[in-house]
Amino acid sequence: MKSFEIARLFEQMADALELQGGNPFRVRAYRRAAQNLETLSEDVEVLARAGRLEEIPGIGADLAGKIDEYLRTGHIAEIETSCRRVPRGVMEMLAVPGIGPKTARQLYEREGVTSVAQLERLAAAGKLRGRHGIQARTEQNIVRGVQLLRRGQARMQLGRALPLGRDLVRALEDVRGVKTVMLAGSLRRMKETVGDIDVLAASSEPAAIIKAFTGLRQVAEVLERGTTKAAIRHREGIQVDLRVVDPESMGAALAYFTGSKQHNIRLREMAVKRGLKISEYGVFRGRGSQRIAGASEEEVYAAVGLPWIPPELRENTGEIEAAQARRLPALVTLDDVRGDLHCHTDATDGHHSIEALVAAAASRGYAYVAVTDHSRATRVAGGLDIDELRAHVGRIRAVARRHPRIAVLAGSECDILPDGRLDYPDEVLAELDLVIASVHTRFKQPKREMTRRICTALANPHVHILGHPTGRLLGERDPYALDLDEVLRAAKRHGKALEINAYPDRLDLCDTHARRARDLGVLLALGTDTHMLDHLGYMELGVATARRGWVGASQIVNTWPLEKLRSWRQPAG
DNA sequence: GCCGTTTTCGGCCCGACTGTTTTCAGTCG
């Protein structure tokens, strides 16, 4: 992914400039450009060839030139020069919580500190105190910050953070004087991973709730405790920030605290142009303190002439412009989903029977559910050979007869072999109601081979859905090399759906890929990859990913009524 | 370095907490 490589270089440039005391607005320009490159849904190389780089927000003539230079030569001369002026170790010091550019620069220039390890040694030995406003307390914080960094400031998966956040919300809702408690931040925006959990409470008695919060049994350590704000480290390791506001400011605070930062900056800029000021306390006219809005988010957006924008879209990737034009997409909701199309049972590596799965799906109110166990090539998962599959299908049909209120589709998650053939012959696939084709082997194939392998599978008339299309595992395995645009075009051509696999480790397609699929008009399918009954609940993560990709219900096959789904699976002629 | 319904130059979001300082700079979100 070239755009990620360039984004990383721009981030490095911003760090280097900051450490050299460069123009802070120039620093910000690099960071903004980096962020927009990371969330790009189109291929940066394609944009460059078409001379459309300057259409990316935050990219002007200069940065477009630098992107071109990188794509041509593999490096950017000016950035390399600038980064060489500061030792790598000094750049790394910025990752220590509490160490910013000013401190890092002082430590480097005045004390000759050039690495995180050296910084830790000096702080632990008490050799920094009495210099540049550092005392014993700051030394302690540095040592602790370095340890925190070492333990891995790895971000937590959405699927893990969400229950932790909801548990805290429940605990705080019982505190006396609390009106409302809500999750905010990247968790409310449903990003695939979060760095911390943000909780916002409306209360006229902030002291009581701060006290209750810092005393919760979930707290491992109190990091910060003010009058309206506190921060703790959760027993599960993640940091939790609580902010308490007056109920009349709840909307403004929610907007502010939900972010993203870039989205907020855009809102505030729009406010300034209208002679208004937006803060977490409300919307104010002029420099006076006349509050004109703030109790609800709708009011805040209305103050700058916008309709309310769903949190999942608030990344400053076009949602402000869409809102201005009154063209915000109608996003899919959990209620739109009529069935789960990717479920395993104990016939392979699932932990429950067909019967239990169907009963659980029915109790969720689904109109249909697909049983899609592994095919024979996935030996580690106990994949079924042809005879076993036929027997399995027989059992599925028998269970289905006992559950007339829910349609049970007998399917398979069938391996795509390295040459693009499916793991079962066509005549066997033809006996199934639904076929998900997935790659589970030979991840390291070169890009062209992998792309051809998947496009060949999509051309098979018995295949309906491409399972977890890029194979990535969050924090564990990179996506396989793949020309996604070519796969999307193949799916479009053959009328096939790409899965948004809702399993928390996968979320594959991811949000930006889902958005690309949306833009190209490719069908999508939500599946939880359920292996235990609780996993059916992951559907909300898949829905969230689709929403972050601007996807509406009509493009997702399992929001369709059963009849429409059936006719899509068996195209006429 | 970007950007334009006041601007092609002169702006560029806003506030809390900490640790140190006696009124604020640095960091963070």
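Just so we're on the same page: letters track the sequence lines, and every chain starts at 1.
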Strictly distance-based, threshold 3.5 Å: is any side-chain N or O of [X] a donor or acceptor partner for the main-chain N or O of [Y]?
X        : Y        : result
A:Arg518 : A:Trp550 : yes
A:Asp508 : A:Cys510 : no
A:Arg314 : A:Lys261 : no

Practice item. Assign each of A:Ala61 and A:Asp196 to its nearest nucleotide of DNA chain B by heavy atoms, then name whichever residue's nucleotide is nearer the 5' end. Key: A:Ala61
Check your understanding: How do A:Gly98 and A:Ala230 order along DNA chain B: which one's closest nucleotide is nearer the 5' end?
Key -> A:Ala230
Calculate the interatomic distance between [X] atom [atom1] and [N] atom [atom2]; express it in whole Å.
X        : N      : atom1 : atom2 : value
A:Gln35  : B:dC2  : CD    : C1'   : 15 Å
A:Phe284 : B:dG15 : CZ    : C1'   : 12 Å
A:Arg225 : B:dC28 : CZ    : C1'   : 19 Å
A:Asp198 : B:dC28 : CG    : P     : 15 Å
A:Arg266 : B:dC14 : CZ    : C1'   : 17 Å
A:Glu280 : B:dC28 : CD    : P     : 18 Å
A:Arg243 : B:dC14 : CZ    : C1'   : 10 Å
A:Arg31  : B:dG29 : CZ    : C1'   : 13 Å

Inter-nucleotide [atom1] distance ([N], [M]), Å rounded:
N      : M      : atom1 : value
B:dT20 : B:dA25 : C1'   : 9 Å
B:dC12 : B:dT6  : C1'   : 16 Å
B:dT23 : B:dC17 : C1'   : 16 Å
B:dT7  : B:dA16 : C1'   : 33 Å
B:dC2  : B:dT8  : C1'   : 12 Å
B:dC13 : B:dC28 : C1'   : 14 Å
B:dC9  : B:dG15 : P     : 31 Å
B:dT27 : B:dT21 : C1'   : 16 Å

Quick check: any donor-acceptor pair below 3.5 Å linking the side-chain of [X] to the base of [N]?
X        : N      : answer
A:Asn264 : B:dG29 : no
A:Tyr256 : B:dG29 : yes
A:Lys261 : B:dG29 : yes

Nucleotide nearest [X] (side chain, heavy atoms from C-beta), chosen from [options]:
X        : options               : value
A:Arg268 : B:dC13, B:dG1, B:dT20 : B:dC13
A:Asp62  : B:dG29, B:dG26, B:dC2 : B:dC2
A:Glu269 : B:dG1, B:dA16, B:dC12 : B:dC12

Can you see if the side chain of [X] gets near the phosphate of [N] - specifically, an N or O under 4.0 Å from OP1 or OP2?
X        : N      : value
A:Thr103 : B:dT27 : yes
A:Ser279 : B:dC13 : no
A:Tyr281 : B:dA16 : yes
A:Lys229 : B:dC28 : no
A:Thr228 : B:dC17 : yes
A:Asn141 : B:dG19 : yes

Exercise for review: Inspect the contact between A:Glu299 and A:Arg291 and indicate whether a charged nitrogen and a carboxylate oxygen are less than 4.0 angstrom apart.
Suggested key: no
Review point. Can a salt bridge be assigned to the pair A:Asp511 and A:Arg515 using a cut-off of 4.0 Å between side-chain N and carboxylate O?
Key: no
N/O to N/O distances under 3.5 Å, protein versus nucleotides 21-24 of chain B:
none

Checking all strands, does [X] fall into the base, sugar-phosphate, or nothing category for heavy-atom contacts under 4.0 angstrom?
X       : result
A:Pro24 : nothing
A:Arg26 : base
A:Ile99 : sugar-phosphate
A:Glu78 : sugar-phosphate

Side chains of [X] and [Y]: do they bring a donor and an acceptor to under 3.5 Å?
X        : Y        : result
A:Ser249 : A:Asp246 : no
A:Glu319 : A:His263 : yes
A:Glu38  : A:Asn36  : no
A:Tyr30  : A:Glu11  : no

Point to revise | A:Leu313 side, atom CG; A:Trp308 side, atom CH2 - distance, nearest 0.5 Å | key: 8.5 Å
Polar-atom pairs under 3.5 Å, protein N or O versus N or O of nucleotides 3-8 of chain B: list them with distances, or write none.
| residue | atom | partner | partner atom | Å |
| --- | --- | --- | --- | --- |
| B:dC3 | OP1 | A:Gly58 | N | 2.9 |

What donor-acceptor contacts under 3.5 angstrom involve side-chain atoms of residues 173-188 of chain A, with partners at least two apart or in another chain?
| residue | atom | partner | partner atom | Å |
| --- | --- | --- | --- | --- |
| A:Arg188 | NH1 | A:Thr258 | OG1 | 2.8 |
| A:Arg188 | NH1 | A:Glu297 | OE2 | 2.9 |
| A:Arg188 | NH2 | A:Glu297 | OE1 | 3.0 |

Practice item. May I have the step-by-step check of ring-ring contact (aromatic ring centres under 6.0 Å, His included) for A:Tyr503 and A:His535, ending in yes or no? Key: CA-CA 8 Å; A:Tyr503 202 79; A:His535 294 172; 5.3 Å; yes
Check your understanding: CZ of A:Arg326: more than 12 outside heavy atoms within 6.0 angstrom?
Key -> yes
Check your understanding: Hey, is B:dT21 sitting syn or anti, using the within-90° cutoff around 0?
Key -> anti
**Study point:** Nucleotide forming a Watson-Crick or wobble pair with B:dT8, both distances under 3.5 Å
**Key:** none
